[in-house]
Number of protein chains: 2
Amino acid sequence: MSRPPQKRRLETRARLIDVATRQVDQVGYSGLRVEDVVSEAGVAKGTLFSHFGDKDGLLAVLIGARIMATLDSTETGAAPATLDELIDRLMPIVTFVAEDRVIFDLLLRYSGTTGPEMDEVITQSFFRQIALWTQWVGALQATNHLRSDQSPDRLAEGMQAFLNHVLALSFCAGHEAPTDFRAELSSYLTAWLAPQTA
Amino acid sequence: MSRPPQKRRLETRARLIDVATRQVDQVGYSGLRVEDVVSEAGVAKGTLFSHFGDKDGLLAVLIGARIMATLDSTETGAAPATLDELIDRLMPIVTFVAEDRVIFDLLLRYSGTTGPEMDEVITQSFFRQIALWTQWVGALQATNHLRSDQSPDRLAEGMQAFLNHVLALSFCAGHEAPTDFRAELSSYLTAWLAPQTA
DNA sequence: AAAATATATTGACCGCGGTCATTTTCGTGA
DNA sequence: TCACGAAAATGACCGCGGTCAATATATTTT
């Protein structure tokens, strides 16, 4: 049988996350080095891996926390009343993910995780996000702002697909001409969510 | 001024690609090791990097070639006459990409590349694929099998988005219960491409 | 309190992708 | 054919993520 973790372990874990978070603020997610984290935290390399499995595991915790925070602010206030407002509510997430390729890659790797990693923050944040979108879409369907021939769940999933698509293209592009995510997303999501006119 | 590459260089490049291709057949894309390739090819490590930039560069060549071959067979024969037939035509690509995460990641990284890497095989294969899909979609629009309120180009781009979505989920999933790509794709693409009924 | 067991941490070590100053080979004009 | 500059190839070296047998620190048992 497995016993609950001891106090010492929780402290170590907290310190690692704390140090890593601060270092990310300085060098970005892609600039994070495991050696730097452990040395500043005053632990051995192996300790970090025993806590998070691998570097991605640590990043998943950090990024999961950030997404949760973003959702916290996105969730407050009234639900979007139009398609345009809905898209506005997506922008904070988009902006965050667009910040660094590493975020995008990691989200793509974890988003959709079912099974033993369900307890990971990042996985929970993923479900929370989809649930929120589903709710928004359902409400907009009820007021005839969106197509109603598809379930809110499916439409929300599709939103995810297009969001990822726009982000992926932005990372490939020549990095000049900074993508106008709002406009890009809008045109895809309108085609996907709005009732067909013609 | 830069002179054309010498014969020796072309031979070395060909040998590297040849060896790498054979090794991939044995150990898969994710199992490929640079050291193994160069040792079997009888060249030094640096040579490989001078040819392909990095490991991904080599993989891009190998994968690009495979996609081109797939497109060759996909392109022959009559264009799909229904949405179902269109989806059938996508399956070879899906199956190939689903084979290994590395393929998916690399495609996502290169697909959408514009600029100096335009001459890469993989980039060309990407454009060729989108062009083909656009053509198919246009034809199906003309026969009233698909929605006509969006340009063929946009619909084709959306197909890419959903295809990636389905693949991404399949890689995340618990790896048991092998995804039925055909069914998954079909439900998304029907919602995206078909005229709305309700 | 000492022995026995479970948990947590350690750090030398490894694999593998990638670099670059140096050396070898090739093409070309004197 | 020899010399000289450019192209090609070399391999010792590095950075960094990740491993694991050994060690240290808790917790329980007698």
Side-chain angles (χ1 to χ4, degrees), chain A residues 1-20 23-24 26-63 100-103 105-106 109-110 117 120, chain B residues 1-20 23-24 26-63 100-103 105-106 109-110 117 120:
Chain A
M1 291 303 296
S2 63
R3 293 195 261 189
Q6 336 183 150
K7 199 192 324 168
R8 182 173 49 141
R9 189 164 176 82
L10 296 178
E11 288 164 356
T12 303
R13 182 187 163 96
R15 200 161 67 252
L16 284 169
I17 293 177
D18 200 55
V19 167
Q23 292 195 357
V24 163
Q26 292 180 349
V27 299
Y29 286 94
S30 40
L32 193 70
R33 313 252 169 265
V34 169
E35 298 227 31
D36 295 343
V37 174
V38 295
S39 79
E40 190 180 330
V43 300
K45 223 176 184 180
T47 302
L48 188 146
F49 290 100
S50 99
H51 277 268
F52 303 102
D54 57 10
K55 191 187 177 184
D56 276 5
L58 171 59
L59 287 174
V61 172
L62 304 183
I63 291 171
D100 196 321
R101 240 225 117 87
V102 172
I103 307 177
D105 288 342
L106 194 133
R109 182 156 284 128
Y110 278 76
E117 301 99 344
E120 300 260 354
Chain B
M1 288 304 297
S2 64
R3 291 193 251 184
Q6 322 176 171
K7 199 192 322 172
R8 180 174 48 141
R9 187 163 179 83
L10 295 179
E11 288 165 354
T12 302
R13 180 187 164 95
R15 200 162 66 252
L16 283 169
I17 292 176
D18 199 54
V19 167
Q23 293 196 356
V24 162
Q26 293 181 348
V27 298
Y29 287 94
S30 40
L32 194 70
R33 312 253 168 265
V34 169
E35 298 226 29
D36 295 343
V37 175
V38 295
S39 78
E40 189 179 331
V43 300
K45 221 176 186 179
T47 302
L48 187 147
F49 290 98
S50 97
H51 276 269
F52 304 102
D54 56 11
K55 191 187 176 184
D56 276 5
L58 171 59
L59 287 174
V61 172
L62 304 183
I63 291 172
D100 197 321
R101 241 226 115 88
V102 172
I103 307 175
D105 287 344
L106 195 134
R109 182 156 284 127
Y110 279 75
E117 300 100 344
E120 300 260 354

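Chain identifiers are assigned alphabetically (A, B, ...) following the order of the sequence lines, protein sequences preceding nucleic acid strands; residue numbering begins at 1 within each chain.
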message: Rounding to an integer number of Å, can you tell me how far Lys55(B) NZ sits from dC16(C) P?
response: 9 Å

- request: Can you tell me the distance, in whole Å, between the CD atom of Gln6(B) and the C1' atom of dA6(D)?
  value: 8 Å

- prompt: Can you tell me how far C1' of dA6(D) sits from CZ of Arg8(B), to the nearest Å?
  reply: 11 Å

query: At under 4.0 Å, does any side-chain N or O of Arg33(B) touch on OP1 or OP2 of dC16(C)?
result: yes

message: Taking Arg109(A) first and then Asp105(A), would you say they form a salt bridge - that is, a charged N and a carboxylate O separated by under 4.0 Å?
response: no

- request: To the nearest Å, give me how far apart CD (Glu11(A)) and C1' (dA26(D)) are.
  value: 13 Å

Phosphate OP1/OP2 of dT9(C) contacted by His51(A) side-chain N/O (<4.0 Å): yes

- request: Would you kindly give the CG-to-C1' distance between Leu48(B) and dG17(C), to the nearest whole Å?
  value: 10 Å

- prompt: Do the non-hydrogen side-chain atoms of Leu32(B) and Leu58(B) ever get within less than 4.5 Å of each other?
  reply: yes

field: Distance below 4.0 Å between Arg9(A) side-chain N/O and dT9(C) OP1 or OP2
entry: yes

- prompt: What integer distance in Å separates Phe52(B):CZ from dA8(D):C1'?
  reply: 14 Å

message: Under 4.0 Å from OP1 or OP2 of dT9(C): is there any side-chain N or O of Thr12(A) that close?
response: yes

From dT10(C), dT9(C), dT19(C), nucleotide with atom closest to Phe49(B) side chain: dT19(C)

- prompt: Separation of Leu16(B) atom CG from dT10(D) atom C1', in whole Å?
  reply: 13 Å

message: Taking any heavy-atom pair under 4.0 Å as a contact, classify Lys45(A): base, sugar-phosphate, or nothing.
response: base

- prompt: Between dA7(D) atom P and Arg13(B) atom CZ, what is the distance in whole Å?
  reply: 17 Å

- prompt: OP1, OP2 of dT27(D) versus side-chain N and O of Arg3(A): anything below 4.0 Å?
  reply: no

query: So what does Leu10(A) touch, heavy atoms closer than 4.0 Å: a base, only the sugar-phosphate, or nothing?
result: nothing

query: Would you say the side-chain atoms of Glu120(B) pair up with the backbone N or O of Ala60(B), donor to acceptor, closer than 3.5 Å?
result: no

- prompt: Out of curiosity, Asp18(B) CG to Glu11(B) CD, how far, rounded to the nearest 0.5 Å?
  reply: 12.5 Å

CG-CZ distance between Leu10(B) and Arg15(B), expressed to the nearest 0.5 angstrom: 12.0 Å

message: Please classify the nucleic acid contact of Leu32(A) as base, sugar-phosphate, or nothing, using heavy-atom distances under 4.0 Å.
response: sugar-phosphate

task: Determine the contact category for Ser50(B): base if any of its heavy atoms lies under 4.0 Å from a base atom, sugar-phosphate if only primed atoms, P, OP1 or OP2 are that close, otherwise nothing.
output: nothing

